[in-house]
Amino acid sequence: MSGGYTLSETREIIKRFGIKPSKGLGQNFLTDKNILGKMVTAAELNQNDQVLEIGPGIGTLTRELAAKVGEVVAVEIDKRLVPVLGHTLKYCANVEVINADILTFDLKSLWKDHFTGRVKVVANLPYYVTSPIIMRLLEENIPLERIVVMVQKEVAQRMNAGPGGKDYGALSIAVQYRSRPSIVAEIPPTVFVPPPKVASAIIRLDIKDADLRCAVKDERLLFRLVRAAFGQRRKTLINALGSGLSSIAKEDLAEALEGCGIDRRRRGETLSIEEFCRLADYIYEKIM
Ligand code: SAM
């Protein structure tokens, strides 16, 4: 048996196992097969794929994935759901469930033990930890091909935003430094049990090969600059960087901005990723 669960099937399963969905763990179970289909289509899955699912819940998306790919590893924090998954996934021989917190679990050994190539992550994420999960996946240097996730709509917009708008910030740059995002669909609260308070969106992040990134000499410096530039959005760039990066003299920052052809009176939120990268490399090479 494969396929996701409808609203009444979901209610029946959680009732049968006596599960009260936990708000604290972001448990909003998806109950719409068309939307599961959109996630699976966006991930462009095939039988050779190895998939990591974060937060399988009662296994509705997991069953869709298991029918399409070679192997699924599903990491679920809530041990109450382990027997539910044992039931809903009993005919899915290509799924392994791991009861763990994805934020502290050793991802390098997860890869070593379970995967052989580049992995696709497909998940309906718990909204309270969306950004830390995405950042962890992007920063750990694990072989990834694509991430397709359901997130809060506002977070999807921030990941996808370009320079100049209110949504553009440190998350946009971190995501776009390592991937090409695209919003696949906006999703109303009504398709979840229980419904979340916010609208959702499916976002797809295609991981950039290392040679397609504007790879900087020092990534930590890049993200220090980004945090400083967005830390005080209403200040001019020179003032925001001056107060956010106290270890670099203001004259040096002014010289770096001029050397990169970036007007010091601009605001941080107008800088493209390429400009941030140029500035980081200039500071790394000529000032530090
Ligand atoms: N995949 C299911 C679905 O689509 O119906 C459930 C999605 S629900 C939004 C999020 C799931 O993530 C829940 O099952 C929750 O218990 C799990 N979860 C929350 N925090 C987690 C963490 N830190 N690590 C792993 N799973 C987590």
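Everything quoted here is computed from the prediction, not taken from an experiment. Note that ligands are numbered from 1 as they come in the structure, with each ligand's atoms numbered from 1 the same way.
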*Which residue pairs pass the salt bridge (charged side-chain N to carboxylate O under 4.0 Å, His left out) test with at least one member in residues 81-105, sequence neighbours excluded?*
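The answer is none; no pair qualifies.
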*asked:* Taking salt bridge (charged side-chain N to carboxylate O under 4.0 Å, His left out) as the cut-off, I'd like each qualifying pair that reaches into residues 243-261, sequence neighbours left out, listed once.
replied: none
*asked:* Would you say the rings of Y168 and F230 are close, in the sense that their centroids are separated by under 6.0 Å?
replied: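 Ring centroids of F230 and Y168 are less than 6.0 Å from each other.
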_Polar side chain donor-acceptor pair, S200 to Q152, under 3.5 angstrom_ = no
_Set of residues satisfying side-chain hydrogen bond (donor to acceptor under 3.5 Å, both in side chains) with respect to T116, sequence neighbours excluded_ =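 If we apply the side-chain hydrogen bond (donor to acceptor under 3.5 Å, both in side chains) test to T116, skipping adjacent residues, the hits are Q50.
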*Hey, can you tell me if F223 and Y177 have their rings parallel, tilted or perpendicular (30° and 60° cut-offs)?*
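F223 and Y177: perpendicular rings.
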_As a test of reading the model: which residues have a non-hydrogen atom less than 4.0 Å away from ligand 1?_
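Residue list for ligand 1: L25, G26, Q27, N28, F29, L30, E53, G55, P56, G57, T60, V75, E76, I77, D78, L81, A100, D101, I102, N124, L125, P126, Y128.
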